[in-house]
Every structure is written in C-alpha cells, then in structure tokens.
2 protein chains.
Amino acid sequence: MISNKNNNISSRSMGRVTLADVAEKAGVSPITASRALKNPQQVSEKLRTKIYDAVNELGYIPNHAARSLASSETKIISVIFPSLSNAVFPDVLDGIHDTLAPAGYRILLANTHYETDQEEILVRTLLEQNPDGIIVTGIDQNENTRKLLLGSKTPVVQIMELTDFPIDMNVGFSHFQASYDLVRHLQNAGYKKIGFIGARMDPRSQRRMEGYKHAMQEIGISNNDYVLTNQSHTSFKLGAKLFNQLFTQFSDLEAICFSNDDLAAGAMFECSRKGIRVPEDISIAGFNDLDFAEELTPSLTTVSIPLYEMGKKAAEYLLHKIVNRTNPDSLQYDVSYKVVERKSTYTDFS
Amino acid sequence: MISNKNNNISSRSMGRVTLADVAEKAGVSPITASRALKNPQQVSEKLRTKIYDAVNELGYIPNHAARSLASSETKIISVIFPSLSNAVFPDVLDGIHDTLAPAGYRILLANTHYETDQEEILVRTLLEQNPDGIIVTGIDQNENTRKLLLGSKTPVVQIMELTDFPIDMNVGFSHFQASYDLVRHLQNAGYKKIGFIGARMDPRSQRRMEGYKHAMQEIGISNNDYVLTNQSHTSFKLGAKLFNQLFTQFSDLEAICFSNDDLAAGAMFECSRKGIRVPEDISIAGFNDLDFAEELTPSLTTVSIPLYEMGKKAAEYLLHKIVNRTNPDSLQYDVSYKVVERKSTYTDFS
DNA sequence: CTGTTAGCGCATTCAG
DNA sequence: CTGAATGCGCTAACAG
C-alpha cells in the first residue's frame, strides 16, 4: 500500500497533503506525480489529468524544502541592498522582481543599512538558503564576504557600479565618470566655482565626489572648502541644512553639485523658502534623476540612471548562468547614464 | 566509520560540507553537532569547542532546506506588497525587516503590481515555501486567496487597513476615517467647495475617496463633478495633469484633497510653474506625509501615517504567534493617523 | 512512458 | 549530557 504516515498523523508531519497522497489518489507512483507537475510532457495525458484532478481535490501544495533538498535547486535569489528608503533601490528591485517572478524565482531580501559588517552576516545567513543566485549592491564587500560568496559556487551579480575585479558578474556604471561628466558639463557651460555636497558618503557617493574633485582639478580650481560632506542619512531636510552651511560661508559659489537628488531638492526647497533664486543666485545639480527632478521649479539638472533596467539586466545575467550553467557573453554590463541638463543650472554667462 | 557519501561525491550531492562532516571531524555524533549549534547549553563545553572548531575549519554552512524539512520551521516570512515604487511600502518593509532580521527570520518579497489575480498566484507560490508567517497588503483578497491562506494554518497579518473580518491578524488604520477627518478639518477651517483627485484607485484610495464624499455629504455640498479619478499609476506628473483638468473646469474650487502626497506635490509643482498661488488661489492637501511634504513651499497639509511602526507591529504580531503559538492580546491593532495641518491649506476666511 | 530504489541533510523522538 | 534510529517530502538515477 502506497501511503505516507498521514493516516496516523505524527506530531512531526504537519498533516499536510503530500505528493504521495496525490499519487495514491491518482493510482500512480509518487515519481510519476512528480513528473506530471514538473515535466508534464513526460507523462501520458491520461495519467496527467488524473494527477491534476487529485492535486485539485486534495488541495496539494508542494513542499519547497523537500524539493530543494532532493534537487538542490531552491528557486530563490537573494538580494542584498544597503537601504530601501533610498528611492533608487525600489526601482532596481522592481526590475529584478519583474524578471525573476515570471521565471518562477522568488526573492529573499535583506537590508544592510549601509553597514559592511551587516553585509557579511547577511550573506552568511542568506547562503544557508542555498539561493540559486545572489545580487549584492556595490563592489566593496569585505574579504570574508568575498570568500563566502566565491566559495558558495553560487552565481553572483554585483550591481550599481563597475569593478575590474568582480566576484562573478557585474552590472552597473561608473559613478566617478558620471559625476565627472556632470561637472565638466557645467564647466563647459561657464561655471567655475562649483561646490559639492554629499551625505551618507557610501562608496558610490564617495566616488561621485572623486569625480567632481577630478574635474575641478583639471581646470585648476580645486578648493576643498567647496566640499561639504556629512555621514548622516540622506534626506530633504539635510539637503537644506548642508546647503545653508556651505552657501552661507561661500556666497560666491556659482553652482553646487549634490550627491543625490534628495539633497538637491532639499536645497531647492530651502532656496524657495528663503527667496534665493535658482539658477540666478545659485545653480543646483543632483544625481539619479528621480521622478520629481523634472517636476521641480526650476527643473533639476541631474544624471539619469536606468535603475529598472539595471535590476532587469542583473536578473537576466543570473538566469542565464543558472539555466545554461555557462557565463553570459560578457561578465560585465555597463548600463551607462546620461547627464540631463535642466533649468536649475541654466545660466547665461555671456 | 561515520561518514556521508562525500568520499565518492555523487552527482546529487553538491559536495558541500555537511553536519556529518563536522561531527566526524569533531569525533561526535551528528546530533550532538546539531545541538551544539542550536542549543549550545545542552552540550558540554569541551565538545562544543571541538565542534565549533570543526565548523570553522571546514567552513560549514547549514543547509536550510534540510533543516526546514526536518523541523518544519523555515524562518521565512513572506511579504506581499502591491508596489515598491510607491514610497509608503519601503518604509513599511523597513519596519518589518528590522524586526524580523534580528530574530533570525528572512523575508521573501513579492509584488502584485496592484493586480488581485497576481496576488492569488503569488500566495500560492509563496505558500510552497512553508513560510512561518505571511504579511499581505490590504483586506481585499479574493475568495481563493483567503481560502489558501486560511488552509495553510500559517499566521497571517493583513496590513495597511482594518477589517471586521480579518483572515487572522490585522494591523492598520481606517483610510475612510482618516480622509473623512482631513476633510472635516478643512470644513471646520471654513472651506466649502472641496474637490478630490485620486489615481490608481486601489482599495485604499477608494476608501479615502469615500471618506471625502461622506464628509461632503454631511455639510450638504456633494458634487460629483468635484471628484476626478484616474486608473493610471500615481506620479508627480499625473498630479499636475489631473490638477489642471479639474481646476481649469472648476476654478471656484477652494481646496483639493489628493489621494496621496505624490499627486498633491505634482499639483503644487504645476501651480508653481503657472504662478497659481497656494493656498491663496487654491488650497491643496495630500495623504501619507512622506518626507518631502513639510519641505515643500508651502508645506503640505496631509495625513501622517506611522508606516515604519505599522511594519514593525505586523512583524511583532507574527513573531508572537510563531514563538508562543498563541494569539497576541488582540488580533487587531490600529496604528492610527494624524491630520497634519500645514501652510498649503492655511487660509483666513474671515 | 512508468516504476523502484535510494538518498538529499538535518532534527525529532526515544534511549541510555 | 550524548547517541541510534528514523523520517521529513521529494526527485535523481537507473530500470523496465
């Protein structure tokens, strides 16, 4: 008699319907039932319908843990972000989700709150799930984390920025170059005294600042006093505060680049409150091109990033490697960026 | 000889280090090794250190699937949101994450994109993981989804709003009442001709609109022409567009309530572009009190919701039920809300 | 196309 | 405090 022990429900079994129950009801062996669900074409139509009927009647729901244990495939992708309140990540996550969900993969999400130690702990925890793939933010994992990831044999995509030494695959763009380009653009438009305001100063903000500094050095106006950074979490309020701090001290500044749109918008709100005219009195530029950027008055000059596409591409890389067990054509993908000039920096210097 | 078959690595095994390997190396039985990891105080210190050493030397990472299968505990909480781009959800998710992560639980995230059919599919998929708990958004699950959830015996929390017929537990607030209160507040301040603009019109936007309508009926100014809704996804741009549509037609409107802050801000941006004065020419109110609300010029009157706390509370309810196997003191928790009056509706009618 | 056998890695009994 | 036996539910491998 084919049967599991559900007859005399043990305390261990949840009393749930198992594949064996389905098989029994359909009068087939468990493995046939299994195949009918995973590779329907391998099972005759007659048995298939019988099995499907049994599934529906019994309300069978597969047990994922058992499936994973037997097949060593979990259909889980782990995603590690430094933050969710930062509006860029939900967009990236959407791209990831929309690509993975249709392929039957689920997302295990974790949040480091921008703490590198947390990252190591989270990677360790997430690896216990044997995810079929992992997406991590940035390229600055510590040595232990890298080792863990490498040793896990799990496909990994580092996203948001590019590195010459990826753990595995890599999808992003150069924050340094993007920021550099933005500043050069302003310089070409005639700006000379340009400041930089950044918060949180995670690795990517850091590199955006470096891009700014590099551009300023190139035209020989490298003044560290024009740079103001802060370790606090980014916010509109903080943008306002830092703007006041810098602009009060250096009212001769012609433009200020902010490490992100939130800070920039916060500054613009402050200008609006104080009657400071943008761009006449001070020009302002952001980074990310969040959706409010072009709606502000004046509209905000910034750098546009294809966030959703970045998530999508990362997920595609992962799927490719999981399904084909081979690397995609290239291990690295540059999603690029675009400097978007708007009215917040439109000044006629002639 | 205690050993698993890793000596002659089969194609099924991943060749990974197992608990048996650790046990062998430490010279103990697998179960002792298991206990050393889960309930250290049950194992003598001598053996414990031996086992820990073995774990570190071998780089052992527990296999979650095996653990789940044996213990029928997954340490996974499934979370279903209708959207991530909507800024309210990342905040809620943060509250959930920050409560669950320290307790050793992981979050499996899914996104319905506001489609109810998707929800059923996702619930079905997520149930395969045997999550220890589930958090779903809203109270409008379809009959199948309810049945699935109920049948799963898994603790469930419905969040964002309140219902008299919860599936299990329920954490949220009354959108109807919150919106009603906001409108009453405006009415008490002297406003009579108040409009309503909503987008997407998911169940919660719907109920906010009902709250508005109810308040308007009470003072006998119920004019459906003053209501403009749209099924598109919410955005700043759409706020501007809908505002134009309504205000062009009814320039006698004194105030407009928007179903969320994004739309309201979009309208304010449009006003700023067109030189329409807020609140002198038209007053504007939002909903949610996102962080930009008080930074706008004028600052935005809105309804403040404790999003992070809502997520936290939902997670706590879940943990309570999982750990104690009993219901929390109450199955329902009202996180409440607060009407926040700011300058965008400050008009002197005297 | 279908079935048999065996085992994935761990934790729950129940014994000592 | 430690261990032996057993099974969680499913699927890979090999037959037939």
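Letters A, B, ... are given to chains in the order of the sequence lines, protein chains preceding strands, and every chain is numbered from 1. These numbers come from a predicted model, not from an experiment.
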Could you tell me the separation between the CD atom of B/Gln129 and the P atom of D/dG9, rounded to a whole number of Å? 16 Å

Quick one: is C/dG3 close enough that its OP1 or OP2 comes under 4.0 Å of any side-chain N or O from A/Ser29? yes

Does OP1 or OP2 of D/dG3 have a side-chain N or O of B/Thr32 closer than 4.0 Å? yes

Looking only at side chains, do B/Asn86 and B/Tyr114 share a donor and an acceptor under 3.5 Å apart? yes

Specify the separation, in whole Å, of atom CD of B/Gln41 and atom P of D/dC1. 9 Å

Base, sugar-phosphate, or nothing for B/Glu73, non-hydrogen atoms under 4.0 angstrom? nothing

Just compare C/dC8, D/dT2, D/dT11 and give me whichever is closest to any side-chain atom of A/Leu69. C/dC8

Without decimals, in angstroms, what is the distance between A/Ile31 CD1 and C/dG7 P? 16 Å

How about A/Asp329 and A/His320: does a side-chain donor come under 3.5 Å of a side-chain acceptor? no

Counting side-chain heavy atoms from CB outward, which of D/dG9, C/dA11, D/dT11 is closest to A/Lys38? D/dT11

Measuring from the side chain of A/Pro30 (C-beta onward, heavy atoms only), which nucleotide among D/dT11, C/dC10, C/dA11 has the closest atom? D/dT11

Would you mind reading off the distance between B/Gln42 atom CD and C/dT13 atom P, rounded to a whole angstrom? 13 Å

Closest nucleotide among C/dC1, C/dG3, C/dC10 to the A/Ser44 side chain: C/dC1

To the nearest Å, give me how far apart CD (B/Glu128) and C1' (D/dT11) are. 15 Å

Give the rounded distance in Å between these two atoms: NZ of B/Lys75 and P of C/dC10. 17 Å

For A/Lys50 and C/dC1, what is the distance between atoms NZ and P respectively, to the nearest whole Å? 17 Å

What is the distance, to the nearest angstrom, from the CG atom on B/Leu58 to the P atom on C/dG9? 14 Å

Is the closest side-chain donor-acceptor distance between B/Asn142 and B/Glu119 under 3.5 Å? no

Starting at the 5' end of DNA chain D and moving along, which residue's nearest nucleotide shows up first, B/Ala66 or B/Gly27? B/Gly27

Between B/Asn327 and B/Tyr317, does any side-chain donor sit less than 3.5 Å from a side-chain acceptor? no

Measure from the side chain of B/Asn63, starting at C-beta and using heavy atoms only, and say which of C/dA11, C/dG9, D/dC10 lies closest. C/dG9

Is there a side-chain contact between A/Gln129 and A/Thr74 in this structure, where contact means two heavy atoms from C-beta onward sitting under 4.5 Å apart? no

Could you work out which one of D/dT11, C/dT13, C/dC10 sits closest to the side chain of B/Arg35? C/dT13

Can you figure out which of C/dG7, C/dT13, C/dG3 approaches the side chain of A/Val28 most closely? C/dG3

Which nucleotide wins on minimum distance to the side chain of A/Val43, given the candidates C/dC8, D/dG3, C/dT2? C/dT2

